[in-house]
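These numbers come from the heavy atoms of this one structure, side chains and all, not from hydrogens, waters or symmetry mates. Owing to the predicted nature of the structure, the values given are computational and were not obtained by experimental measurement.
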Number of protein chains: 2
Amino acid sequence: MTATSQPTDAENLLRLEHQVCFALHNASRAFGAIYRDALKDLGLTYPQYLAMLALWEHGELSVKRLGELLRLDSGTLSPLLKRLEAAGLVKRERSAQDERSVLVSATASGAALREQATEVPLEVARRTGFDVAEMRELRGLLGRLTDRLDAAGVAQEC
Amino acid sequence: MTATSQPTDAENLLRLEHQVCFALHNASRAFGAIYRDALKDLGLTYPQYLAMLALWEHGELSVKRLGELLRLDSGTLSPLLKRLEAAGLVKRERSAQDERSVLVSATASGAALREQATEVPLEVARRTGFDVAEMRELRGLLGRLTDRLDAAGVAQEC
DNA sequence: TACTACTGAGTTGTGCGCAACTGAATTGTG
DNA sequence: CACAATTCAGTTGCGCACAACTCAGTAGTA
């Protein structure tokens, strides 16, 4: 570090960028800890919970479509869905129209879990004491950031 | 969704917080993809890069102190540090004062990597095109959120 | 001093995330 | 029609994150 000179705008920017990325990483993990605890009665991890939310909301989904909704590829989804299937929450079957595609849907017991799952966001909200306006603002910032990062990630191939 | 009735406050809140956590998760992964690409020439992952940043800034650190700085426990740090040691970037030795403690420091080659690493945040900044005001705001929101989540996680034990 | 409690690092096991790959089914094109 | 290119799901391998545990070293206490 140059002790005598003022930090330049560029240096401040780099520092800020690093702090934002690290803060994002930490906030995501801290949130994970809250959900891990709130979800342990259901026997679900957070990614499994997201998959069930998608199936509850949309009904039957192909692995591909589910991956688009959750931003996950088959390398992550296939084993996750196998675990949900082993737990009896989900059914998988090849599509008759396109034999490459696998259709995933909640079983009766998976659908029944939805009732119990409504407690989860209530519990999370209770424990975190959210400020609605702040969360709305945060969501907006995160959405814009993710869009820009995705664009930067794709643009790299040019 | 009940098409005829207004969503209740509870439904709004739940919907909102679900999106925030998911948005956080996605933004963190999108950032990870950018860093993964920017770091591949250095042969470092993002968590390894964070560990090197801490060692460059503070010099020799115990595993415990490093874990406090990065918010990681020995279950994550021990194998990570072993990989950095195998790559020749880091040295580990038992403390003479307290034989339980292991002191970690950058080797000559680890220190040399610092020069090359200065390109990383430049590359990330170039590709993401940050809005400084937005990033500053995001950092603040994320910090407050993490504090609240940590407090909620610890408070659970009461 | 002996005994207990605690601390710090490491190990094991599980699940997520991602890259790289395989293999089967489908689509497009000559 | 035949053959190449593409699509979709799954597998393998690696690293991170975390819980639960072990073990050695240290500190506190009767």
Side-chain angles (χ1 to χ4, degrees), chain A residues 22 25-37 39-40 43-51 61-68 70-87 90 92-104 150 153 156-157, chain B residues 21-22 24-37 39-40 43-51 61-68 70-87 90 92-104 150 153 156-157:
Chain A
F22 188 48
H25 192 63
N26 287 333
S28 183
R29 290 197 290 143
F31 232 135
I34 300 291
Y35 270 97
R36 199 168 9 263
D37 193 63
L39 286 167
K40 68 174 190 294
L44 293 177
T45 65
Y46 182 65
Q48 289 167 6
Y49 170 69
L50 289 179
L61 288 171
S62 69
V63 173
K64 176 181 170 57
R65 182 73 189 114
L66 188 56
E68 287 167 358
L70 304 183
R71 304 170 61 99
L72 293 171
D73 65 5
S74 69
T76 301
L77 273 180
S78 288
L80 185 152
L81 292 171
K82 279 178 74 173
R83 283 187 284 272
L84 288 178
E85 189 178 40
V90 141
R92 290 192 298 166
E93 48 188 353
R94 290 268 156 199
S95 164
Q97 283 70 39
D98 186 339
E99 290 282 341
R100 292 170 303 181
S101 181
V102 167
L103 300 175
V104 186
D150 281 348
Q156 141 216 186
E157 276 133 41
Chain B
C21 184
F22 187 44
L24 205 51
H25 192 60
N26 287 334
S28 182
R29 289 196 292 143
F31 232 134
I34 300 291
Y35 269 97
R36 200 170 6 263
D37 193 62
L39 286 168
K40 69 172 189 294
L44 293 177
T45 65
Y46 181 64
Q48 288 167 7
Y49 170 69
L50 289 178
L61 288 170
S62 69
V63 173
K64 176 181 170 59
R65 181 73 189 115
L66 189 56
E68 287 167 358
L70 304 183
R71 303 170 62 99
L72 292 170
D73 65 6
S74 69
T76 300
L77 274 180
S78 288
L80 186 152
L81 292 171
K82 279 178 74 173
R83 282 186 285 272
L84 288 178
E85 189 177 41
V90 141
R92 290 190 299 165
E93 49 187 353
R94 290 269 156 198
S95 164
Q97 281 71 39
D98 187 341
E99 290 282 339
R100 292 170 303 180
S101 182
V102 167
L103 301 175
V104 186
D150 281 348
Q156 143 217 183
E157 275 133 41

Looking only at side-chain atoms of [X], point me to the closest of [options].
X: A:R100; options: C:dT7, C:dT26, D:dC18; answer: C:dT26
X: B:Q48; options: D:dG15, D:dA9, C:dA9; answer: D:dG15
X: B:H25; options: C:dG17, D:dC18, D:dT26; answer: C:dG17
X: B:D73; options: D:dA9, C:dA25, D:dA19; answer: D:dA19
X: A:K64; options: D:dA9, C:dT26, C:dC18; answer: D:dA9
X: B:T76; options: D:dT11, D:dC18, C:dA9; answer: D:dC18
X: B:R29; options: D:dT26, C:dG8, C:dC18; answer: C:dC18
X: B:V63; options: C:dG10, D:dC8, C:dG17; answer: C:dG10

Spacing between [X] atom [atom1] and [N] atom [atom2], to the nearest angstrom:
X: A:L77; N: C:dC18; atom1: CG; atom2: C1'; result: 12 Å
X: B:R94; N: C:dA9; atom1: CZ; atom2: P; result: 8 Å
X: B:L72; N: D:dG15; atom1: CG; atom2: C1'; result: 13 Å
X: A:Q97; N: D:dA9; atom1: CD; atom2: P; result: 14 Å
X: B:L84; N: D:dG15; atom1: CG; atom2: C1'; result: 12 Å
X: A:D98; N: C:dG28; atom1: CG; atom2: C1'; result: 15 Å
X: A:L70; N: C:dC18; atom1: CG; atom2: C1'; result: 15 Å
X: A:R71; N: C:dA19; atom1: CZ; atom2: P; result: 13 Å

Side-chain touch B:L72/B:L66, heavy atoms, less than 4.5 angstrom: no

Under 4.0 angstrom between [X] side-chain N/O and [N] OP1 or OP2:
X: A:S101; N: D:dA9; answer: yes
X: A:K82; N: D:dA9; answer: no
X: A:R92; N: D:dG10; answer: yes
X: A:S74; N: D:dA9; answer: no

Plane angle bin for A:F22 and A:H25 - parallel if under 30°, tilted between 30 and 60°, otherwise perpendicular: parallel

Distance, nearest 0.5 Å, that separates OG1 of A:T45 from CZ of A:R36: 9.5 Å

B:D150 with B:R71: basic N within carboxylate O range, under 4.0 Å: yes

Under-4.0 Å salt bridge between A:K82 and A:E85: no

First of A:A96 and A:T45 reached from the 5' end of DNA chain C, by closest nucleotide: A:T45

Nearest-nucleotide 5' precedence on DNA chain D, B:P47 against A:S78: A:S78

5' priority, DNA chain D, between A:R65 and B:E99 [closest heavy atom]: A:R65

Closest non-hydrogen atom pair between A:S62 and A:S101, with its separation: CB-OG, 3.6 Å

